[in-house]
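Only heavy atoms go into these numbers, but all of them, side chains included; no hydrogens, no water, no symmetry mates. Small disclaimer: the values here were computed from a predicted structure and weren't measured.
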Amino acid sequence: MNILIVEDNRELAVEVYDFLCNAGYICKIAHTCADALEEFNSNDYDAMLLDLGLPDGDGFEVLQTVRKTKSKMAVIVLTARGELDDRINGLHLGADDYLTKPFALTELSARLFAVIRRIHGFTLNNLTIHGFVLQLQDYKVSCNEQPINLTKKEFDIFQYLVLNKNRVITRLQLTEHIWGDILEVNSDSNFIDVHVRNLRKKLDKHAPIDWFETVRNVGYRINE
């Protein structure tokens, strides 16, 4: 998933960035309110980790702006402010969770996964679609209890399409969520199609996949 880390402490930001990237997330760092809102308006993020004490304003201002857009993006507030009033205010403004510094990176990862899971409407660590089971934390896929050997990128594409089932996902959206925003200049490349084609071949060996639709000149959709 695509995560925006809003933190003015550069050492902490890099520490969180490295940890989450190693856990399989695509991450971007913003150090100010202005940078955070620019990133939010320019890219499609699944979650924001939001510090409150930013050099050009209060993180609550960012939170209010984000929530006015009706975005489903998860927001976890990360702050040195441990006062009850601040925690209540953050939750009232639309934060999904709250972590007081210092915090364990393993707890952050667990809370992040729980929030994303809740927002996407599933309660277990597995997703099921037409007999296929995705084990999200183990990066495994099976059909009728038979394992399917997918690459990391194939799994990420399959997971993202299933999480957004019944929606058309463009090639550029897949690029941003699987590789980050580094390939915008090469958005006409067929590398997404190659990965999807390989994914389809592997799934089709186990069960019909007529529900895995190509939307011509746009992208892909998985129909429930």
Side-chain angles (χ1 to χ4, degrees), residues 1-4 20-21 23-28 39-40 42-48 70-74 96 109 112-184 186-224:
M1 298 289 100
N2 227 5
I3 311 297
L4 178 60
L20 293 179
C21 286
Y25 294 97
I26 299 292
C27 299
K28 194 78 175 281
E39 279 296 326
F40 171 74
S42 302
N43 297 293
D44 187 14
Y45 289 96
D46 297 286
M48 175 188 289
K70 311 267 185 218
S71 169
K72 287 179 62 180
M73 180 185 69
D96 297 281
S109 180
L112 180 59
F113 185 78
V115 164
I116 291 175
R117 182 178 61 190
R118 185 169 68 246
I119 285 176
H120 283 286
F122 60 100
T123 56
L124 302 176
N125 293 334
N126 296 343
L127 291 175
T128 59
I129 187 84
H130 297 288
F132 291 86
V133 179
L134 294 85
Q135 297 173 249
L136 300 185
Q137 290 184 306
D138 296 328
Y139 293 95
K140 294 179 180 179
V141 177
S142 62
C143 181
N144 297 321
E145 300 185 354
Q146 296 298 312
I148 302 172
N149 185 25
L150 300 184
T151 67
K152 175 66 165 55
K153 296 304 183 189
E154 290 165 356
F155 181 91
D156 288 342
I157 290 171
F158 192 25
Q159 171 187 255
Y160 188 62
L161 289 172
V162 173
L163 285 173
N164 291 279
K165 60 193 175 186
N166 302 319
R167 289 178 54 202
V168 177
I169 300 299
T170 68
R171 289 173 176 82
L172 183 56
Q173 283 177 303
L174 279 173
T175 299
E176 290 177 343
H177 274 80
I178 308 305
W179 282 269
D181 59 2
I182 60 173
L183 292 171
E184 186 173 355
N186 295 318
S187 59
D188 291 334
S189 171
N190 70 340
F191 70 95
I192 286 285
D193 299 309
V194 171
H195 282 287
V196 171
R197 186 163 58 246
N198 291 337
L199 169 61
R200 275 180 154 148
K201 286 180 181 178
K202 293 179 180 181
L203 299 179
D204 198 41
K205 290 180 180 178
H206 294 265
I209 57 167
D210 53 318
W211 40 268
F212 196 146
E213 179 185 1
T214 298
V215 181
R216 189 174 180 181
N217 298 325
V218 181
Y220 303 95
R221 174 171 54 208
I222 281 182
N223 299 303
E224 187 173 37

Inset, instruction - Please name the pair of heavy atoms, one in Ala74 and one in Val115, separated by the smallest distance, quoted to 0.1 Å. - result: CB-CG1, 3.1 Å
Legend entry - Shortest non-hydrogen contact from Tyr139 toward Gly24: OH-CA, 3.7 Å
Rounded to the nearest 0.5 Å, how far apart are [atom1] of [X] and [atom2] of [Y]?
{"X": "Leu161", "Y": "Ile169", "atom1": "CG", "atom2": "CD1", "answer": "6.5 Å"}
{"X": "Asn126", "Y": "Lys140", "atom1": "CG", "atom2": "NZ", "answer": "11.0 Å"}
{"X": "Lys72", "Y": "Asp46", "atom1": "NZ", "atom2": "CG", "answer": "10.0 Å"}
{"X": "His130", "Y": "Ile209", "atom1": "NE2", "atom2": "CD1", "answer": "10.5 Å"}
{"X": "Thr175", "Y": "Ile192", "atom1": "OG1", "atom2": "CD1", "answer": "4.0 Å"}
{"X": "Met73", "Y": "Asn2", "atom1": "CE", "atom2": "CG", "answer": "11.0 Å"}

Is the shortest side-chain heavy-atom distance between [X] and [Y] below 4.5 Å?
{"X": "Phe132", "Y": "Val162", "answer": "no"}
{"X": "Asn144", "Y": "His206", "answer": "no"}
{"X": "Glu154", "Y": "Ile148", "answer": "no"}
{"X": "Phe212", "Y": "Val196", "answer": "yes"}

Inset, instruction - Return yes when atom NZ of Lys202 has more than 12 non-hydrogen atoms of other residues, nucleotides or ligands closer than 6.0 Å, and no otherwise. - result: yes
Inset, instruction - Determine whether more than 12 heavy atoms belonging to other residues, nucleotides or ligands lie under 6.0 Å from atom CG of Asn166. - result: yes
Legend entry - Between Asp193 and Tyr220, a side-chain donor and acceptor under 3.5 Å: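 Yes, a side-chain donor-acceptor pair sits under 3.5 Å.
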Inset, instruction - Using the six-membered ring wherever Trp is involved, compare the ring planes of Trp211 and Phe158 and label them parallel, tilted or perpendicular (cut-offs 30° and 60°). - result: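 Rings of Trp211 and Phe158: parallel, as their planes differ by under 30°.
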Inset, instruction - Would you check if the side chain of Asn164 reaches a backbone N or O of Tyr160 as a donor-acceptor pair within less than 3.5 Å? - result: yes
Legend entry - Salt-bridge present (Asp156, Lys152; N to O < 4.0 Å): yes
